[in-house]
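A short worksheet on the structure shown next.
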Amino acid sequence: MSADDYDPSPSNDELEAHLQTRNMVVNLGPSHPAMHGTVRMKVELDGETIVKVDTEIGFLHRGFQKSCENVTWTQCIPYTDRLNYVSALGNNFGFIHAVEELMGIEIPERAKYIRVIGAELHRICDHLTATGALGLELGAFAAFLYGVEARELLWDRVTELTGARLTTNFGRIGGLNRDMPPTWPELVEKTLKKTEELTAEVDALLTRNRIFVDRCRGTGIITTQDALDFGFTGPCLRANGVKYDVRKAKPYWVYDRLDFDVPVGASGDNYDRYLCRTEELRQSIKMVRQCFKEMPEGPVIVDDWRVVLPPKQEVYSTIEGVMAHFKLVMEGIQVPSGEVYSCTEGANGELGWYLRSDGSGRPYKVHVRAPGFHILSGVNKMIEGRMLADLVPTFDTINMIGGEVEQ
Amino acid sequence: MSQWALEQIEARIPDALEQKYVDRAGGHWGVVKREKIADVAKCLKEELDFKLFISMDAVDRLMLPEPTPRFEVVYFLYSVSRNEHVRLKVFCTEDDPEIPTIRHVYQGANWSERLTWDFYGIRFKGHGDLRRMLLYEEFKGHPLRKDYAMRDRQPLIPERPIKDIFRGPGTNGAT
């Protein structure tokens with residue numbers, strides 16, 4: 001056969017030949033960068049298409065509930081830091097808010113404003129991490145660096161407020177353990193300006209980037225019906241167009257006095273979740289500024305020695321002070337027996353607490369409704385039948401945080 | 001609060017609710033008969049628009065003043081259109097810790113029921129895939145039961161005997 005006669009297209013029977021293939025099971029994680037370190041996914045693949053996903057969690061389980069049941073109510077607060085370690089303040093305040101609801105305590109105005117500021121600053125951090133990491137894992141490393149630079153600056157401000165970057169342990173039942181530093185508002189304002197610049201950079205790098213949009217738009221879709229059914233809340237539910245935000249639906253602290261919008265998406269894909277987060281971040285910046293403007297002077301914690309440690313001056317000089325201090329430290333706050341379900345809006349959705357007290361100084365039951373747990377439970381609906389490469393952005397935009405999911 | 005939903009349930013499924021009460025913070029609770037929970041969940045989802053599954057968990061009543069029945073399982077659902085939560089509760093005894101599943105009504109109940117099984121040993125009839133959620137299969141017992149010792153440790157690989165002045169030694173609480 002000469003070179004001219006050669007026909008490069010294969011013959012028909014060659015095309016129709018059945019290739020014997022088997023589905024391949026791939027283990028993603030638990031020690032895999034795209035799994036954020038703590039989740040194992042057994043992915044069954046047919047070529048590059050995902051047939052079945054089995055998510056296995058629990059590698060970061062710390063016995064959160066059991067630990068809480070064996071310490072006083074105040075001693076639970078540091079455990080709540082470790083739930084969502086990217087936005088610890090939201091967890092601290094959420095837990096404290098639930099206990100206050102159980103006890104029927106109204107906290108001072110100034111404390112409410114500082115709580116909103118703290119929670120919103122940490123919400124910004126959380127969204128920056130989520131969007132930055134999404135860029136990072138899709139190959140846009142620069143976006144991650146801009147996001148993390150802003151996050152570090154915000155964490156510096158959080159450090160000035162609480163004394164720690166991540167494990168804040170801030171706030172006490174009845175208010176806050178300390179007021180903000182006097183020069184803090186100017187520093188925060190400076191940081192917010194910088195954050196706006198940096199998020200604009202991230203926005204410019206990602207939002208209209210062809211590669212980014214192609215990887216995100218139309219991938220990781222979940223129907224509204226399924227999203228509700230699995231218990232999606234927060235940006236992941238709002239990306240489907242369901243306008244449910246605890247801050248608007250059941251306003252707590254001072255959210256009813258603040259002017260902010262709740263961004264919603266339409267299609268429930270990765271791109272909408274990304275856009276929801278970036279817009280929410282801007283709304284949070286707006287809220288922090290409003291809070292600084294409207295914040296009144298005054299105490300930051302209630303004046304009730306059954307709940308709050310007395311001032312050191314009183315402890316060292318009066319018998320009542322010593323007694324109150326001793327009882328609070330040794331026996332803990334006497335929360336009246338009863339039960340409550342209370343929720344606040346965490347960075348990833350509804351952070352709910354079901355607390356049960358039997359009247360002793362320790363919680364009888366602390367149930368935390370971690371938003372990430374329910375979102376992760378629905379992740380196989382979002383990726384089964386899709387390409388393996390879609391798993392990575394989907395896993396990023398649901399922003400699963402191992403600490404809260406695995407308690 | 002969710003008074004409306006409980007009244008609707010009473011009207012639609014007679015004798016489903018054993019009891020209604022209000023907690024300290026003003027939340028309305030409905031205690032549902034064990035065998036009716038799936039019907040109640042279905043009614044809430046399909047007829048009353050409580051479509052958002054919030055959460056569920058259990059409580060071990062062993063150390064409470066009234067320790068029987070031993071367990072209660074709590075459910076929280078939310079309606080976006082009505083903006084309210086509904087709080088439900090089901091009791092079950094220690095000898096027969098089994099409750100009908102609501103997994104077929106709310107897909108989100110799948111993991112929550114597995115979690116409840118994992119930590120309290122309450123079985124969900126008809127769940128079909130009741131594996132442990134956070135702990136490992138070799139784990140013995142259900143650690144959130146009140147009679148599970150705080151310091152009982154069951155490591156998969158032996159722990160190094162580190163003397164810890166707060167928790168005691170790291171291995172199994174002994175020596």
Side-chain angles (χ1 to χ4, degrees), chain A residues 55-63 65-67 69-70 98 100-104 224-233 237 242-244 248-250 336-343 350 352 354-360 364-365 367-370 373-378 381 405-407, chain B residues 2 21 23-27 29 45 49-61 63-65 72 74 76-81 83-87 89 105-112 114-116 118-119 129 131-136 139 143-146 148-153:
Chain A
T55 316
E56 193 181 312
I57 60 172
F59 298 96
L60 213 60
H61 178 60
R62 313 176 297 287
Q65 292 196 21
K66 193 80 177 171
S67 308
E69 286 170 15
N70 283 280
E100 282 160 359
E101 220 165 271
L102 183 57
M103 299 179 76
T224 310
Q225 164 99 47
D226 277 341
L228 290 166
D229 224 25
F230 275 109
F232 280 38
T233 45
L237 181 64
V242 181
K243 204 170 180 176
Y244 172 51
K248 284 278 189 203
K250 299 192 170 171
S337 61
E339 60 191 324
V340 71
Y341 177 80
S342 159
C343 55
E350 175 170 338
Y354 170 63
L355 303 178
R356 185 79 174 258
S357 171
D358 60 351
S360 69
Y364 188 77
K365 163 87 188 169
H367 162 71
V368 55
R369 188 243 182 235
F373 181 80
H374 298 271
I375 296 172
L376 189 65
S377 78
K381 269 273 160 142
V405 170
E406 299 164 18
Q407 303 190 2
Chain B
S2 53
Y21 67 93
D23 68 21
R24 293 179 54 88
W29 286 82
K45 187 185 173 190
D49 200 36
F50 280 81
K51 288 209 170 71
L52 180 58
F53 179 79
I54 293 291
S55 190
M56 64 176 284
D57 206 335
V59 179
D60 182 357
R61 294 156 58 91
M63 300 299 182
L64 285 179
E72 57 191 54
V74 290
F76 306 101
L77 304 168
Y78 180 79
S79 162
V80 179
S81 59
N83 183 20
E84 62 182 40
H85 284 85
V86 65
R87 302 159 168 83
K89 190 176 270 190
V105 186
Y106 292 97
Q107 297 175 66
N110 176 9
W111 276 27
S112 294
R114 278 175 65 188
L115 195 74
T116 312
D118 196 355
F119 285 106
D129 186 26
R131 286 173 292 151
R132 284 188 181 270
M133 189 77 244
L134 293 181
L135 301 174
Y136 38 90
F139 197 90
L144 279 182
R145 287 188 175 194
K146 289 283 176 183
Y148 187 90
M150 174 71 175
R151 290 189 187 175
D152 193 356
R153 301 171 74 86

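Below, read A as the first sequence line, B as the second, and so on, with proteins coming before strands; counting in each chain starts at 1. Bear in mind the structure is a predicted one, so any value in this text is a computation, not a measurement.
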Quiz item: Among Glu339(A), Gln225(A), Lys365(A), which has the most heavy-atom pairs under 4.5 Å with chain B?
Solution: Glu339(A)
Quiz prompt | Portion of Glu56(A) that has a non-hydrogen atom of chain B nearer than 4.5 angstrom | solution = neither
Quiz item: Are any of the side-chain nitrogens in Asp49(B) or Lys51(B) under 4.0 Å away from the carboxylate oxygens of its partner?
Solution: yes
Quiz prompt | Arg132(B) to Arg114(B) - nearest heavy-atom pair and separation | solution = O-NH2, 3.2 Å
Exercise. Flag the pair Arg87(B) / Val74(B) as yes when at least one side-chain heavy-atom distance between them is below 4.5 Å, and no otherwise.
Key: no
Quiz item: In terms of heavy-atom proximity below 4.5 Å to chain B, should Asn70(A) be classed as side chain, backbone, both, or neither?
Solution: side chain
Quiz item: Of all heavy-atom pairs between Val340(A) and Ala25(B), which one has the smallest distance, and what is that distance?
Solution: CG2-CB, 3.5 Å
Quiz item: Is it the backbone or the side chain of Tyr78(B) that comes under 4.5 Å from a heavy atom of chain A, or both, or neither?
Solution: side chain
Quiz item: Just wondering, do Glu69(A) and Leu144(B) contact through their side chains at under 4.5 Å, heavy atoms?
Solution: yes
Exercise. Name the region of Met56(B), side chain, backbone, both or neither, that has any atom closer than 4.5 Å to a heavy atom of chain A.
Key: backbone
Self-check item: Ring centres under 6.0 angstrom apart (His374(A), Phe230(A))
Solution: no
Exercise. Please examine the side chains of Ser55(B) and His367(A), heavy atoms only from C-beta on, and report whether any two atoms are closer than 4.5 Å.
Key: yes
Practice problem: Let me know if Glu101(A) has heavy atoms under 4.5 Å from chain B in its side chain, its backbone, both or neither. | Solution: both
Quiz item: What residue in Gly108(B), Ala58(B), Pro65(B) has the most heavy-atom pairs under 4.5 Å with chain A?
Solution: Gly108(B)
Self-check item: Which portion of Val105(B) sits near chain A, non-hydrogen atoms under 4.5 angstrom
Solution: backbone
Quiz prompt | Per-residue contact mode, Tyr21(B) against chain A (heavy atom under 4.5 angstrom) | solution = side chain
Quiz item: Contact part of Leu115(B) toward chain A, heavy-atom cut-off under 4.5 Å: side chain, backbone, both or neither?
Solution: side chain
Quiz prompt | Selection from Trp29(B), Tyr148(B), Phe119(B) maximising heavy-atom pairs under 4.5 Å formed with chain A | solution = Trp29(B)
Practice problem: Name the region of Tyr244(A), side chain, backbone, both or neither, that has any atom closer than 4.5 Å to a heavy atom of chain B. | Solution: side chain
Self-check item: Engaged part of Ile54(B) at the chain A interface, taking heavy atoms whose separation is under 4.5 Å
Solution: both
Quiz item: Of the backbone (N, CA, C, O) and the side chain (C-beta and beyond), which part of Asn110(B) lies under 4.5 Å from a heavy atom of chain A, both, or neither?
Solution: neither
Practice problem: Check whether His61(A) gets within reach of chain B through its side chain, its backbone, both or neither, counting any heavy atom under 4.5 Å. | Solution: side chain
Practice problem: Give a yes or no answer on whether the side chain of Asp60(B) reaches the backbone of Lys146(B) with a donor-acceptor pair at less than 3.5 Å. | Solution: yes
Self-check item: Arg61(B)/Glu72(B) salt bridge by N-O under 4.0 Å criterion
Solution: yes
Quiz prompt | Test item: Leu64(B) and Arg356(A) side chains (from C-beta on) under 4.5 Å apart, heavy atoms | solution = yes
Quiz item: Between Asp358(A), Asp226(A), Val405(A), Leu376(A), which shows the greatest number of heavy-atom pairs under 4.5 Å with chain B?
Solution: Leu376(A)
Quiz prompt | Pairs of heavy atoms under 4.5 Å with chain B: top-ranked of Leu228(A), Thr233(A), Asp229(A) | solution = Asp229(A)
Quiz item: Aromatic rings Phe53(B) and Tyr106(B): how do their planes relate, parallel, tilted or perpendicular, breaks at 30° and 60°?
Solution: tilted
Quiz item: Does any heavy atom of chain B fall under 4.5 Å from the side chain of Phe373(A), the backbone, both, or neither of them?
Solution: both
